Structures are given as structure tokens and as C-alpha cells.
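In what follows, a single structure is set out as C-alpha cells and then discussed.
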There are 2 protein chains.
Amino acid sequence: MAQKQVSIREIAELSGVSVATVSRVINNNGRFSETTRQKVMAVIREQGYETNAMAKGLRMRKSNTVGIVVPDLNNSFFADLVEKIEQQLFETGYSTIICDTARDPYKEAGYLKMLEAKLVDGLIVISGLKEFDSQQLSRHVPIVCIDRKPNTNKIKYIGSDHYKGAQLATEKLISAKTNPVLLAGSRDSPSLIDRIKGYQDTLSKNELPADNTSVIRLTEEEEQTPDTRRSALREILRKLMTKSQPPIGIFAVSDTLAADVLIAAHSMFISVPSDLKVIGFDDAPIARYCYPELTTIRQNTDEIAVRATSYLVSAIQGKTEQNSSINKLVDVSLVNRSTV
Amino acid sequence: MAQKQVSIREIAELSGVSVATVSRVINNNGRFSETTRQKVMAVIREQGYETNAMAKGLRMRKSNTVGIVVPDLNNSFFADLVEKIEQQLFETGYSTIICDTARDPYKEAGYLKMLEAKLVDGLIVISGLKEFDSQQLSRHVPIVCIDRKPNTNKIKYIGSDHYKGAQLATEKLISAKTNPVLLAGSRDSPSLIDRIKGYQDTLSKNELPADNTSVIRLTEEEEQTPDTRRSALREILRKLMTKSQPPIGIFAVSDTLAADVLIAAHSMFISVPSDLKVIGFDDAPIARYCYPELTTIRQNTDEIAVRATSYLVSAIQGKTEQNSSINKLVDVSLVNRSTV
DNA sequence: AATCAAAAAGTAAACGCTTAATATACGTTT
DNA sequence: AAACGTATATTAAGCGTTTACTTTTTGATT
């Protein structure tokens with residue numbers, strides 16, 4: 001069975017030096033001669049020694065690990081973002097614990113406890129239902145929130161310019177001669193609020209009624225499964241088609257939602273983009289698998305990933321980097337494809 | 001800053017008992033009186049004490065953590081599977097380190113070292129380029145491979161019945177009066193081999209030529225980006241359309257590939273399913289976002305996730321559970337949607 | 001009241017590592 | 001040849017737990 005993992009002690013004995021020396025050689029700190037270095041390294045290689053992360057972590061009071069908290073790995077926007085962040089962190093020498101909360105606050109709390117117990121050195125929190133409450137952690141570690149507002153300014157916030165994104169989307173829909181409607185899920189989030197505001201402001205600026213009648217929210221039951229979601233969407237489309245002249249324009253606040261709209265439309269033989277124009281948000285991988293390919297607002301996940309990790313890493317390492325650009329919102333752009 | 005994490009020692013002092021007693025209370029083992037239990041628990045709650053996982057791990061020589069190695073989180077089949085496994089493990093009290101290797105053997109090796117250093121208690125390896133080589137680990141831990149053959153029978157293999165899936169797909173295509181073609185990516189994998197075999201055997205059984213001319217593989221460059229992939233696919237479709245009478249039938253060995261085929265077809269104004277019939281594999285979330293919705297072979301990810309975790313957990317806990325069903329391949333089924 | 005077993009609590013070592021404090025060896029300079 | 005500085009190596013403590021072993025307390029039985 002489980003052959004005993006070789007420890008630094010045995011390396012020390014085998015190479016005829018003390019553990020301290022071995023440790024110094026491994027971490028290349030303190031002083032030692034070239035001869036011993038070679039001797040020790042040889043033994044290490046020969047024995048396939050790997051340093052025990054728990055012992056090291058215990059001693060150093062850090063784990064070289066960061067936690068990522070994400071609502072749903074099956075959402076292609078999140079998956080994309082997580083993958084990029086994880087890649088960045090890997091390159092920087094950190095390992096990552098990915099926690100899929102399934103939007104369950106209980107599960108989220110459980111994960112936070114676990115991450116804390118594991119002494120993660122930092123935390124990246126992506127989206128989520130409400131404000132991120134730092135009180136949940138008892139120990140202070142650097143945290144960055146992506147598209148989720150923290151409850152204290154000690155936590156770094158990084159996010160796209162949702163307001164501008166909504167402006168772009170709305171303008172696009174208006175200039176396509178539609179009377180746009182905004183479509184969102186049941187869940188509130190800070191970024192949704194920005195988007196709705198951008199949408200409504202743009203409406204007003206164009207002298208269109210900016211009341212709440214044109215923002216449509218799915219209910220919680222409706223969005224439960226793909227099927228309920230789609231039938232709700234069909235109902236919404238039906239109403240829209242009777243109430244106003246085609247083409248109608250829908251600004252869906254996420255690409256997945258937009259994708260569902262398209263599916264619903266197909267099943268009703270509504271043709272896109274002639275009778276229905278749809279614009280999504282995210283430019284998630286799925287956007288390119290929609291038919292027609294989805295016109296959408298692109299969030300720059302590369303940029304977000306880079307900013308999040310580089311900030312986090314320097315915060316962990318105690319550098320209070322004063323890069324001013326890091327406080328600006330991440331820019332957003334319209335990508336024209338075939339649904340408008 | 002970082003307020004000191006309270007340790008078991010302080011809990012002990014505050015409640016006027018020894019650390020050993022506190023430890024006993026926390027883990028509910030050994031003997032202690034109800035009075036002390038309450039006293040200690042009160043202090044623990046009051047102080048927000050959380051046991052230090054590294055210290056515990058060091059002492060116990062285990063981490064309550066399992067690693068998941070996955071080629072690509074952006075593939076909706078993998079994301080789905082990982083999400084389910086992770087959920088299972090969370091419920092069982094294990095935490096999960098998800099490692100996205102991006103199909104890079106170097107990255108994979110790096111991750112394995114890291115997982116080992118972190119003393120993971122078990123490992124789940126999903127798919128991947130070639131045999132999984134257990135030699136990469138120097139310490140023995142329970143491992144389960146999903147859709148990836150291990151190089152030793154000490155490692156548990158779990159996988160769908162790919163052969164049968166291919167049969168079902170091929171028969172479906174044949175009975176839809178097409179002369180089926182199999183379409184695959186450049187990468188070989190054990191499951192692909194099974195699928196090709198199932199495909200060819202079914203061809204033979206129906207007295208159709210089962211040579212290799214009807215299996216089409218994308219080259220590595222072709223599948224690099226969505227765009228190269230799609231233009232390669234358009235080229236393939238073009239050839240197919242000239243060479244034989246519509247309708248043509250394509251058995252794509254994954255849903256993502258099938259989705260790309262559909263996109264390519266749309267851009268060429270080939271109508272599905274009248275002129276082109278496509279059947280995918282996996283029944284990944286994306287299948288329902290294709291247009292038309294994708295007919296495909298369903299892999300039962302729930303079942304796979306349950307088997308993988310329940311086997312792994314019992315192996316970790318030293319139970320050599322003799323559930324015979326666990327050695328059978330996971331069953332697979334045809335789901336009829338709209339592309340055939 | 002004395003005895004004793006069972007229950008409750010305590011002591012201390014060990015898990016594998018890093019590092020401050022020390023010790024030793026080795027040339028140089030006087 | 002003594003003295004000293006420098007480079008190199010060792011000793012030992014401590015990170016926060018668990019647990020085998022030991023000690024103390026409790027309460028029932030004689």
C-alpha cells in the first residue's frame with residue numbers, strides 16, 4: 001500500500017547533512033556550499049522527494065492556494081472566466097480551489113468555512129446573489145470580487161462597465177427600429193442594476209418611455225429548468241408579438257438567456273432577425289453556437305482574469321501596487337453578429 | 001490586519017480544560033462529560049473557532065480533499081460532470097481541487113505534483129489524451145478514471161458504453177436512409193476507439209462498407225479555433241454534398257463538434273434535417289441550444305458522478321465495497337430531437 | 001469508611017517543515 | 001601563531017492538531 005512518503009528528514013540522513021540544510025537548499029535561502037547543494041539535490045531526485053504542503057503550510061501559515069467562488073460552472077461565461085483565472089494562477093504558482101455554490105447561500109457559507117480552514121491565501125468571488133459579506137470570514141485575507149459588490153471597501157471590486165454595455169445594446173436595438181424590451185432572470189445583482197439603469201437612461205435619452213413596463217423579469221419557478229424557462233419565454237414572445245408591431249427587440253441580460261429566447265422563437269417560427277431582434281450580454285462561448293449567431297455585448301474575460309489575479313497576487317505578497325488603471329471598470333464592446 | 005486565528009489552545013484556556021479535551025469534544029471521540037461539552041462548545045461558538053485544516057491534515061496524514069483532473073472546463077459535458085461530482089463530494093464532506101489541464105501534459109504533470117504535495121486523499125481523472133500513468137504519483141491513493149483507461153488495474157475505470165452508443169447512433173442514421181459518416185477530432189482516446197468500432201461494426205452488420213474512408217478526422221490545426229474548425233467543417237460538408245446524394249448523415253463524436261457542424265451547415269444554407277442529418281454524443285447542455293435541437297446519444301452523467309464518488313469515497317475510507325454493478329459500463333441511450 | 005472500576009481529564013510526543021540562534025570550520029590578516 | 005571574520009552547518013523551537021498513555025475524579029459496592 002501507500003508507501004511512506006519520504007520526508008525532509010530522510011533526505012537529510014541520506015545526504016549526510018541536517019534537515020535545516022536540506023530545507024535551505026530546497027528553498028534556496030540561507031547559505032550552503034555548492035557541493036552540498038549538488039549532493040542534496042541528487043538525493044532528492046533519486047528519492048522523488050516532494051515537499052509536504054501541509055507541513056509547510058502549517059509552518060508558514062499560508063497555503064499557496066486561492067479559492068474561487070462561482071455560482072455555476074455550467075454557465076459558459078463563468079466557466080470561461082474561471083478557466084482563465086485558474087490558468088493565470090497556475091502560472092504564478094498558486095493552486096486553486098474552485099467552489100461551485102450552485103447559488104445556494106448555505107453551500108456558499110460551507111465553502112467559505114472550508115476555504116478558511118484550508119488557510120487559503122486569497123479569494124476570488126465571482127458574481128452571486130447579493131453583496132458579498134466579508135464578515136463571513138473571520139480571518140482577513142485579500143479578496144477580489146468580480147461583478148459582485150463587496151460590503152466593505154477593503155475588498156477589491158473588479159467588473160465590466162455594465163452601464164455602458166447596456167447603453168450600447170439599447171442604442172443598437174433602437175437604431176434597428178425596434179422598441180426595445182429588457183429581459184432578465186429573477187435574481188437581482190449589482191451588475192443587473194447597472195444594466196437596467198443603462199438601458200433606461202438610454203431609453204429616456206431617445207425620448208422613449210423608460211418606465212418599468214418594458215423590463216420583463218422571469219419568476220423563480222419559470223427559470224427553474226430549461227423547459228419551464230422556454231415555455232415562459234414563449235408566452236412572453238406571444239404577448240410581445242400581439243402587443244406591438246414586429247420587429248420587436250429584446251435585450252437579454254445574459255447570453256444564456258438570449259440563447260433560450262432564440263430557441264423559443266424558433267419553436268414559434270418567429271424569424272430572427274427580421275421579426276425579432278435579440279442582443280445578449282457576455283459574449284460567452286455559447287453566443288457563437290446560437291443560430292443565428294448572437295449579437296452581444298462582449299465582456300473582456302481575459303482582461304478581467306488578468307486584473308483579478310494580478311491584483312490578488314500582489315495583495316497576497318504584500319505589495320500595494322498603485323496601478324491606477326486597475327480601478328477603472330473593464331471596458332465592454334458591441335459585437336455584431338446576426339441577431340439584430 | 002490579519003487577526004490571529006484562534007487555536008485550539010486558546011479555546012482550551014478559555015474554557016478551563018486541556019487541549020486534548022477540546023479536541024475530543026470537537027471530534028466527538030474519547031470520553032468527556034456533558035458539562036464540559038457544553039462549556040467548550042460555547043467558547044468555540046463565541047470565538048468563531050474553526051479547526052486548522054493544515055495542522056489536522058499534517059497530523060492525520062490526510063487532507064479530506066480530492067483532486068479532479070479535467071481536460072477543459074469550457075466543454076459543457078465536462079463542466080456538467082465536474083459540477084455533479086463536486087456536488088456529491090461536497091455533500092460527503094470532501095473538498096475538491098479542480099485542475100483544468102487544458103490538455104497540456106506538462107500542466108497535467110504539474111498538477112499531479114501539486115495534488116500529491118497537498119496530500120489529496122483521492123483522485124478523479126476525467127478523459128484525457130492517453131492512458132493515465134499512475135507512475136506519475138509516487139504515493140498510492142485511490143484513483144478513478146472516467147472515460148480514460150488507466151495503465152494498471154489498481155485504478156478504477158468508469159465509463160459509458162461507448163460502443164453501444166455508437167451502434168445506436170449509426171443505426172439511427174442508417175434507418176434514416178443516409179449513408180453515415182463518422183466525424184471526429186484529431187485526438188485519439190480510448191472512448192473514441194470504442195465508438196469507431198461500434199460504428200464500423202454496425203456498418204458491416206448492415207452490409208455497408210466499413211473501411212476507413214467514412215471516418216473523417218479533423219487535423220490539429222483545423223480544430224485550433226472555432227473559426228478554423230468551422231471552415232474545415234464547411235469544406236468537409238462541401239465534399240460530402242458533391243460526392244453523394246443528400247441526405248447525408250453525420251455521426252459527430254461529441255456534441256460540441258456536432259454543434260459546429262450545424263453552424264457550418266447553416267452558413268452554407270444546408271437544411272437540417274432534410275438534407276443533412278446529424279447525431280451527436282454526450283447530450284451535453286449545449287445539445288439543447290443547437291438549432292435544430294440536437295439528436296444525440298445521452299451519457300448519464302448523474303450515474304457516472306454517483307458511481308465515481310461513491311467508489312472513491314469508500315476506497316478512501318478503506319471499504320472494499322463489492323457492489324458488482326459498479327463494474328458494468330454505464331448505460332447510454334438515444335435521445336431523439338430534431339437533427340435526424 | 002475503604003476499595004475499586006469506570007469515567008473524565010491531562011501530559012506530552014509526533015506529524016514535516018522553516019528559521020533564529022549557535023556552533024564549527026576555514027582562510028586571512030596581523 | 002594568535003586572532004578574527006566569513007562561510008557553512010547544526011540545534012532546537014514552534015506552527016495547530018490528535019492520541020496513546022497516565023493521572024485524577026467520581027460514585028457505586030463492600
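Worth saying up front: this structure is predicted, and the values here are computed from it rather than measured. Reminder, nothing fancy here: chain letters follow the sequence lines and each chain counts from 1. For the numbers below, each heavy atom of this structure counts, side chains included, while hydrogens, waters and symmetry mates do not.
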Rounded distance in Å - [atom1] ([X]) to [atom2] ([N]):
| X | N | atom1 | atom2 | value |
| --- | --- | --- | --- | --- |
| B:K62 | D:dT19 | NZ | P | 11 Å |
| A:F32 | D:dT6 | CZ | P | 20 Å |
| B:R37 | C:dA9 | CZ | P | 12 Å |
| B:I44 | D:dG16 | CD1 | P | 16 Å |
| A:I26 | C:dC17 | CD1 | C1' | 9 Å |
| B:E34 | C:dA9 | CD | P | 11 Å |
| A:R59 | D:dA13 | CZ | P | 13 Å |
| A:N52 | D:dT17 | CG | P | 17 Å |

Residue pair A:F132 / A:I143: nearest heavy atoms and the distance that separates them: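 Distance-wise, the nearest heavy atoms are CE2-CD1, 3.9 Å.
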- prompt: Does a salt bridge link B:E116 with B:R139, judged by any charged N lying under 4.0 Å from a carboxylate O?
  reply: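 Looking at B:R139 together with B:E116, the answer is no, because their closest N to O distance does not fall below 4.0 Å.
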- request: Inspect the contact between A:K107 and B:E86 and indicate whether a charged nitrogen and a carboxylate oxygen are less than 4.0 angstrom apart.
  value: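 Yes, charged N to carboxylate O under 4.0 Å.
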query: Given C:dC17, D:dT19, C:dA9, which nucleotide is nearest the side-chain atoms of B:A20?
result: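 The answer is D:dT19, which lies nearest to the side chain.
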query: Is there a donor-acceptor contact under 3.5 Å linking the side chains of A:S134 and A:K154?
result: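 No, no side-chain donor-acceptor contact under 3.5 Å.
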Side-chain H-bond candidate by donor/acceptor type, A:S95 with B:K118, under 3.5 Å: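 A donor-acceptor contact under 3.5 Å links the two side chains.
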- prompt: So how far is it from A:S160 OG to A:I304 CD1, rounded to the nearest 0.5 Å?
  reply: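 The CD1 atom of A:I304 is 3.5 Å from OG of A:S160, to the nearest 0.5 Å.
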Contact nearer the 5' end of DNA chain D, comparing B:M60 with A:K39: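 Its nearest nucleotide lies further toward 5', so the answer is A:K39.
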Which residue lies more 5' along DNA chain D, comparing B:V19 with A:V17 via nearest heavy atoms: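 Here A:V17 is the residue nearer the 5' end.
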For [X] and [N], is the shortest distance between a side-chain N/O and OP1 or OP2 below 4.0 Å?
| X | N | value |
| --- | --- | --- |
| A:N27 | C:dT18 | yes |
| B:T21 | C:dG10 | yes |
| A:K56 | C:dG16 | no |
| B:R31 | C:dA7 | yes |
| B:S33 | C:dA7 | no |
| A:N29 | C:dT18 | no |
| A:S23 | C:dT19 | no |
| A:S7 | C:dG16 | no |

message: Given the structure, check if the side chain of A:R24 and the base of D:dT10 hold any donor-acceptor pair shorter than 3.5 Å.
response: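 For A:R24, whose side chain was compared with the base of D:dT10, there is a donor-acceptor pair (under 3.5 Å).
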- prompt: Got a donor-acceptor pair under 3.5 Å from the side chain of A:R61 to the base of D:dG16?
  reply: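 There is none.
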- prompt: What side-chain hydrogen bond (donor to acceptor under 3.5 Å, both in side chains) pairs are there with at least one residue in residues 69-84 of chain A, not counting sequence neighbours?
  reply: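 Output for this query lists A:N74-B:D80, A:N74-B:E83, A:D80-A:K84, A:D80-A:T301, A:D80-B:N74, A:E83-B:N74, A:K84-A:T301.
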message: Can you tell me if B:R103 has over 12 outside heavy atoms packed within less than 6.0 Å of its CZ?
response: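 Above 12, so yes.
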Net bend of the helix from C:dA1-D:dT30 to C:dT30-D:dA1, end axes of five pairs each, nearest 10 degrees: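 Computed from the C1' atoms at both ends, the axes differ by 70°.
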